[in-house]
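Reading through the structure tokens given below for one structure.
Whatever order the structure lists ligands and atoms in, that order sets their numbers, starting from 1.
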Amino acid sequence: MKNKKTFYVTTPIYYPTAKPHLGTAYTTIAADILARWHKLLGEDVFFLTGTDEHGQKLDEAAKKVGKNPKEYVDELVKEFKNVWKELNINFDEFIRTTDKKHEEIVKKLIKKIYDNGDLYEEDYEGLYCVPCESYWTEKDLFNGKCPSCGRGVQSIKEKAYFFRLSKYQKKLIELYNNNSDFVLPKSKKNEMINRIEEGLKDVSFTRSKFKWGVEFPMNKDYVLWVWADALTNYISALEWPDGKNFKKFWPANIHLIGKDILWFHSVIWPAMLMSAGINMPKTIFAHGWWTVDGEKMSKSKNNVIDPLELIRKYGVDSFRYFLFRASTFGEDGDFSEKVLIERHNSELANKFGNLISRVSTLAEKYGLEKTENKLLHKLNLKQINLYINNYELDKVLNEIFSFIDACNEYVQEKKPWETHDKKILYQLVDSIKAISILLWPFIPSTCEKISEQFGFKINYSEIEKPLKIKDIRKGEILFKKIE
Ligand code: MSP
């Protein structure tokens, strides 16, 4: 038998210092959509997410509440898993950087990089942002604060092992030039090329002022810098170097991340892989940031969006839908509950929900008769596939919704409630099948209900197969209007 096509998608591993919020939910749902899409196509999919549990930030957060770090993260990891379940996120593995398996593989990778001559000992003196776990120099700062998160930085002076990032400058530029999709969106790629061309400095890969990390394999006075440990999760989960999954799924099709952590993923990670002689991931996709009603989301502003609260109010599918319809994937977006409600009402309830409810009512009354589905010609499947392959998720939804509009117009025009035309109803139900299959990655639980109601399977190949006629019952209302 021919080997199935594979698809490997990852999310960042999150710091379990707070519960999941809008931002972390966004990346994870995006990964879920891509994983489901490729499952729909019948591919062999591996979807990885998890938690980044070492480092100074975590060590300090645990101390603050008088816990040991492991105890502290264990509780939050439960929260993460629970929220992902509530959001209908169907990952294949949840990696924790405190897993023994991960720690051993990190040491193996670091040893390989060391043996290759890419780690050397020297004094480090500079600045450190604990929330971002990143090194800065005076001239990087913005108004004296961390240029990434805007918070204060601390000076550190310690002996450290440095990774020879500078050695990879030329190779990285080549990598970017030879792989047009290595970093997406394109604007972000150019930004990174410019930064690499400005020159790369070697980066400290170890810390020595605390113990909460993976022990540096060449010198036990050090623990690894948390980013060197965390990035390795993408291959440790596959059991690099000999694991069956590593052979099957690596290189990753896409590392999905937020724009703030692009440097680590598109410069440091590829250089580590180059040093160890491992193939490059195909694409690193950086999405934008959400503001909330025009403001930065932050604890101090007390405007952190809790996904659980929203799904309790509006349902999980309305939340998932809103996130990918309301802003261009790759650009920043603004979250507003008001707009979520508007879209829920006008698009999910009025357009999609009404189509299902009208057609099922009529189909129950008058039945269906097989015919060619000419209405389906209005669905631009080719375009949808192009969008998916470019990770333009908002455009996929747009395209599906313009077909929903076409179906609603068809009902208006053909008036099946007057004509009782079973062939018209057949075409409508067959089109609902196509719509629900394509929307399943975005709003899985609603589409599963529809597939039961109308009796079809959720599988991409079913779109172009004629619908099998079954008795149809008018179902429950899928999206109740919100006042
Ligand atoms: N632990 C690192 C990642 C290591 S990956 C090898 C980390 N963790 S994090 O918990 O801080 O969260 C990261 C993700 O959440 C990032 O991709 C970040 O972009 C995303 N977001 C956090 N706030 C966000 C918004 N307001 N909007 C969109 N995404 C945001 O970084």
What atoms in ligand 1 come closer than 4.0 Å to a heavy atom of [X]?
| X | value |
| --- | --- |
| Met297 | 26 (N) |
| Ala230 | 6 (C) |
| His265 | 5 (S), 6 (C) |
| Gly258 | 17 (O), 19 (O) |

Do [X] and [Y] have side-chain atoms, one donor and one acceptor, less than 3.5 Å apart?
| X | Y | result |
| --- | --- | --- |
| Asp229 | His102 | yes |
| Asp181 | Thr283 | no |
| Trp440 | Glu448 | yes |
| Asp44 | Thr6 | no |

| Out of Leu323, Thr51, Ile261, whose heavy atom is nearest to atom 16 (C) of ligand 1? |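 Heavy atom nearest to atom 16 (C) of ligand 1 belongs to Ile261.
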
| query | atom 6 (C) of ligand 1: which of Trp269, Tyr26, Tyr234 has the nearest heavy atom? | reply |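 Comparing heavy atoms across Trp269, Tyr26, Tyr234, the nearest one to atom 6 (C) of ligand 1 lies in Tyr234.
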
[atom]: which protein heavy atom is closest, and how many Å away?
| atom | answer |
| --- | --- |
| atom 15 (O) of ligand 1 | Thr24 CG2, 3.6 Å |
| atom 27 (N) of ligand 1 | Trp290 N, 2.9 Å |
| atom 19 (O) of ligand 1 | Asp260 OD1, 2.5 Å |
| atom 8 (N) of ligand 1 | Tyr15 CD1, 3.3 Å |
| atom 3 (C) of ligand 1 | Ile13 O, 3.2 Å |
| atom 13 (C) of ligand 1 | Tyr14 CD2, 3.9 Å |

| message | Below 4.0 Å, non-hydrogen atoms only: which portion of His21 touches ligand 1? Side chain, backbone, both or neither. | response |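 Just the side chain.
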
| request: Indicate, as side chain, backbone, both or neither, the part of Phe264 found under 4.0 angstrom from ligand 1 when only non-hydrogen atoms are considered. | output: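 Phe264 to ligand 1: no contact under 4.0 Å from either part.
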
| Does His287 have a heavy atom less than 4.0 Å from any atom of ligand 1? |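 Under 4.0 Å: yes for His287.
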
| field | Min heavy-atom dist Gly288 to ligand 1 below 4.0 Å | value |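 So Gly288 counts as touching ligand 1.
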
| field | Tyr14: which of Asp52, Thr28, Thr49 passes side-chain hydrogen bond (donor to acceptor under 3.5 Å, both in side chains) | value |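 Exactly one option meets the side-chain hydrogen bond (donor to acceptor under 3.5 Å, both in side chains) with Tyr14, and it is Thr28.
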
| query | Hey, are Glu121 and Lys159 close enough for a salt bridge, meaning a charged N less than 4.0 Å from a carboxylate O? | reply |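 So Glu121 does not pair with Lys159 through a salt bridge.
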
| query | Can we say Lys4 and Glu43 salt-bridge, meaning some charged N sits less than 4.0 Å from an Asp/Glu carboxylate O? | reply |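 Salt bridge absent between Lys4 and Glu43.
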
| request: Would you name the heavy atoms of Arg164 and Gly117 that are closest together and state the gap between them? | output: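 Nearest pair, atom of Arg164 first, then Gly117: NE-O, 2.8 Å.
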
| said: Could you report the tightest heavy-atom contact between Val106 and Val214, atom names first, then the distance? | reply: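 Minimum heavy-atom separation between Val106 and Val214: CG1-CG1, 4.2 Å.
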
Under 3.5 Å between some N or O of ligand 1 and some N or O of [X]?
| X | answer |
| --- | --- |
| Asp52 | yes |
| Ile257 | no |
| Lys259 | no |

| Which word best sums up how the rings of Trp227 and Tyr15 line up, parallel for under 30°, tilted for 30 to 60°, or perpendicular for over 60°? |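 Ring orientation of Trp227 relative to Tyr15: perpendicular.
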
| task | Report the relative orientation of the aromatic rings in Tyr26 and Phe329; use parallel for angles under 30°, tilted for 30 to 60°, perpendicular for over 60°. | result |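 Correct class here is perpendicular.
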
| query | Ignoring hydrogens and geometry, is there a side-chain-to-backbone donor-acceptor pair from Thr27 to Gly23 under 3.5 Å? | reply |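 Confirmed, Thr27 side chain pairs with Gly23 backbone.
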
